[in-house]
Amino acid sequence: MTTKMTKIKGLALAVGLGFSALATAHPTWLLPSHFSVSKAEGSWITFDYTASHTVFSVDKPASAHDAKIIMPSGATERPDFVLKGQRRSVFDFFFIEEGTHKVVVANQDPLYLTFYTDRRGDKGKIQANKITREDKLPRGATDAKTMAIIKHTESYVTVMAPTEIKATNKGFEMVPVTHPADLIENEAFTFSYLVNGKPVEGVEVTLTQEGAQYRDAQDALIAKTDTNGEVEFTVASAGRYLLAANQRYKLKGDSMADMATTMLHTTIEVQLD
């Protein structure tokens, strides 16, 4: 398991670490009002969903129309009262089934960006897929490559007692090794990253606590997954954090894009010791 971590001070360094292609694609985050329910009769929980480069600061409108709650039983439910505003979306759900629920918002329509080199040799990009890019590329552009950007945002809510979280073995996903209900300050916790059920090594995972706008720097932690696809963090203070990981891969025979990136963002709560 990888224990090496680096504290990064801001987005500029993150860009240097390989996120430049995604700099214009605002990351999305999902924030529940509560991460646990201790009443057997259940409780309503509300969720904020938005796209922002600052953790848990509302910024750009993002639709939560595709939000879903994966119940402990494995069934899938839709949330209630889904509202979209100019800065964020909001939805509620009544949690009563005992166990751990996975709440997911994943965009069904990828964002397509085409990167190219212009006649002067400068790099550029436009919002277009492989079909539409020919009409949008500047005259004389070369080396056109199109990326499909998929945004997957998730969090967990546990009612009464935690239950096992199983991998779906589909696409790029995070599977907690340390249960999300058992994250404690000053204690190491581990997450596993898989692609189609297989561990993926070398994925950069960034962990950022909320409130960065009130600090001099992001003060994020960044680490890479090991050969088991696992990454380990230890944080000194309780609070709400965002795990961010991107996985990029080539596409074969895809009519819309040459490559794809999944932006996987998971909101967690670390509790007091």
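Taking 4.0 Å as the cut-off between side-chain N and carboxylate O, Asp258 and Arg133 count as a salt-bridged pair. Salt-bridge check for Lys102 with Glu154: passed, with a basic side-chain N closer than 4.0 Å to an acidic carboxylate O. The pair Glu210-Arg240 meets the salt-bridge criterion, with a side-chain N (NZ, NE, NH1 or NH2) lying under 4.0 Å from an Asp/Glu carboxylate O.
Ring centroid separation for the pair Phe191 and Phe189 comes in under the 6.0 Å cut-off. Note: Phe56 and Trp29 meet the aromatic proximity criterion, with ring centroids under 6.0 Å apart. Residues Phe95 and His101 place their aromatic rings such that the two centres sit under 6.0 Å apart.
Under the 4.5 Å side-chain criterion, counting only non-hydrogen atoms from C-beta, Gln271 is not in contact with Leu183. At least one side-chain heavy atom of Phe233 sits under 4.5 Å from a side-chain heavy atom of Leu243. By the 4.5 Å heavy-atom criterion applied to side chains, Glu173 and Tyr193 are not counted as neighbours. Annotation: side chain of Pro61 is in contact with side chain of Lys84 (closest heavy-atom distance under 4.5 Å).
A distance of 5.0 Å separates OG1 of Thr100 from CD1 of Ile165, quoted to the nearest 0.5 Å.
Smallest separation of non-hydrogen atoms from Ile96 and Val159: O-CG1, 3.9 Å. The nearest pair of heavy atoms linking Ser255 to Lys130 is O-CB, 3.4 Å.
Of the possible donor and acceptor atoms, one in the side chain of Ser155 sits under 3.5 Å from a partner among the backbone N and O of Thr267. At least one donor-acceptor pair closer than 3.5 Å links the side chain of Thr114 to the backbone N or O of Ala128. Remark: the backbone N or O of Ala106 is not paired with any side-chain donor or acceptor of His152 at under 3.5 angstrom.
Connection of Val103 to Val105 is established within a shared hydrophobic cluster, with ILVMFWY side chains joined at heavy-atom distances below 4.5 Å, either directly or through further cluster members.
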Run Ser57 and Gln213 through side chain to side chain donor-acceptor pair (under 3.5 Å) and show every step you take. CA-CA 8 Å; Ser57 291; Gln213 67 269 40; 3.1 Å; yes
